[in-house]
Structures are given as C-alpha cells and as structure tokens.
Amino acid sequence: KAGVTQTPRYLIKTRGQQVTLSCSPISGHRSVSWYQQTPGQGLQFLFEYFSETQRNKGNFPGRFSGRQFSNSRSEMNVSTLELGDSALYLCASSRLAGGSYEQYFGPGTRLTVT
Amino acid sequence: QQQVKQSPQSLIVQKGGISIINCAYENTAFDYFPWYQQFPGKGPALLIAIRPDVSEKKEGRFTISFNKSAKQFSLHIMDSQPGDSATYFCAASTDKLIFGTGTRLQVFP
C-alpha cells in the first residue's frame with residue numbers, strides 16, 4: 001500500500017506571496033491532519049479534515065487554511081507569507097485501530113520563505 | 001495543561017545498550033500515547049503506541065512503560081543499534097496529537 005505523498009517536496013517563496021501544499025493520504029484513510037515542524041517550536045498541529053469537513057483546528061492565524069476533496073486528498077494554503085512560516089509542513093493520514101486514530105506521516109514539504 | 005514534556009533532549013548510547021526516553025503529561029483526558037521515530041529529511045514514522053488501560057507494551061526491541069498515576073510514560077530501546085540513531089518524539093492525544101519536544105538519539109558502535 002502506498003504511503004502518504006506530499007507535493008512539492010521543496011518550495012522557496014518570497015514574503016507576501018501565498019503557497020498551496022498538497023497531500024494524498026493512504027488509500028482508505030478519510031482523515032488528514034497537517035502539522036508544522038520547526039526547530040524552535042517543534043511539531044505543532046494545524047488542522048484536521050475528515051470527510052471534507054474541518055474537524056479540528058490548532059492555534060494558527062487565519063492565513064493558514066486547508067480543505068479536503070471528496071477523494072480525501074487535502075491541500076493547505078498559506079497566504080501573505082512571513083519569514084517565520086519557513087518550516088517543514090507535514091501531512092498525516094489516519095486510520096481507526098484499537099479505538100484510537102493511528103496517524104501516518106508523509107515526508108513533508110520544506111518551505112523556505114525569503 | 002496541553003503540554004507533553006520530554007527528556008532528555010539528547011542521548012548517547014553505546015551499541016547494545018538500553019536507550020530510555022521519558023515523557024510526562026498533565027491532561028488526564030489524553031487516551032492515546034504514540035511514539036514516533038524521525039530520520040533526517042523524513043517524516044515521523046509511527047513506532048509503537050499505548051492506551052492508558054495498559055501498563056506496558058512491547059514490540060520487538062521497543063517497549064513502552066506507562067504509569068497512569070504518575071502521568072508518565074517512557075520508551076525503552078533494548079540492544080540499541082547504530083541504525084536506531086534518529087530523533088524520537090512522544091505524543092499524547094484526545095482529538096489531536098500533542099508532541100513532546102523530541103530526543104536526539106545517537107548510538108555509537
């Protein structure tokens with residue numbers, strides 16, 4: 001079974017621009033979560049989508065948004081990029097196992113804002 | 001209350017030794033405690049997980065010990081190998097994963 005795929009893998013953008021990142025979950029997984037990973041703040045939860053609806057949201061400004069399509073693929077968008085948005089953005093798809101949602105991560109998109 | 005505190009920040013172990021990483025939490029609503037392993041340039045990979053109704057879970061060389069009353073859990077890596085050198089994250093979850101700050105493990109031959 002193919003794992004979680006994320007595109008693009010690397011991205012360089014300029015302050016003020018916007019960016020869209022894409023995630024394809026493991027086949028059959030309906031939940032997709034997004035995380036931001038930085039050396040200073042570690043792994044932080046952005047939001048989760050399930051069946052095209054945002055089910056949960058972290059403490060990030062409204063510049064960060066996402067959506068999920070009917071095939072469970074998800075995109076996240078960051079508008080008006082700031083230098084501090086430079087990070088590894090990780091997508092995880094989930095399956096219910098033993099009463100808990102196991103999350104499986106993709107390789108991430110490395111975003112650099114200059 | 002949503003924090004998960006992880007220690008140590010870094011760990012150096014000799015090949016064949018035992019690596020121990022500890023985590024503590026405050027929120028008693030957490031009901032799922034996974035550990036992730038991350039190699040440079042890769043996403044975190046689910047290693048092993050435990051629910052609070054179990055005190056210990058073992059998978060191969062990896063064991064989670066869980067102390068509900070102390071609100072602590074730990075990862076033990078037995079017979080540590082150079083290939084185990086990576087960053088390890090504990091996490092706790094109710095409806096979303098809250099991650100610890102990570103432990104960089106280096107195993108020397």
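Just so we're on the same page: letters track the sequence lines, and every chain starts at 1.
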Considering all heavy atoms, the nearest B:Gly43-A:Leu90 contact:
CA-CD2, 3.9 Å

Tell me the closest heavy-atom pair linking B:Tyr32 and A:Glu102, and the distance in Å.
OH-CG, 3.5 Å

Cluster question for you: counting only ILVMFWY and a side-chain heavy-atom cut-off of under 4.5 Å, with indirect links fine, are [X] and [Y] together?
X: B:Ile50; Y: B:Tyr25; answer: yes
X: A:Tyr10; Y: A:Leu83; answer: no
X: A:Leu88; Y: A:Leu43; answer: yes
X: B:Trp35; Y: B:Val13; answer: yes
X: A:Trp34; Y: A:Ile26; answer: no

Does atom CD1 of A:Ile12 have more than 12 heavy-atom neighbours, drawn from other residues, nucleotides or ligands, at distances under 6.0 Å?
no

Answer yes or no: does atom CZ of A:Arg63 have more than 12 heavy-atom neighbours from other residues, nucleotides or ligands under 6.0 Å?
yes

Examine whether an atom of B:Pro34 lies under 4.5 Å from a heavy atom of chain A, and if so say whether it belongs to the side chain, the backbone or both; otherwise answer neither.
neither

Write out, in numerical order, the residues from residues 104-114 of chain A with a heavy atom short of 4.5 Å from a heavy atom in chain B.
A:Tyr104, A:Phe105, A:Gly106, A:Pro107

Does anything in residues 44-61 of chain A reach chain B? List residues with heavy atoms under 4.5 Å apart, or say none.
A:Phe45, A:Glu48, A:Asn56

Could you name the residues of residues 60-88 of chain B that have a heavy atom within less than 4.5 Å of a heavy atom in chain A?
none

Could you list which of residues 94-109 of chain B have a heavy atom closer than 4.5 Å to any heavy atom of chain A, in residue-number order?
B:Asp95, B:Lys96, B:Leu97, B:Phe99

With only heavy atoms counted, which part of A:Tyr101 is less than 4.5 Å from chain B, the side chain, the backbone, both or neither?
backbone

A:Ser100 portion near chain B, given a 4.5 angstrom heavy-atom threshold
both

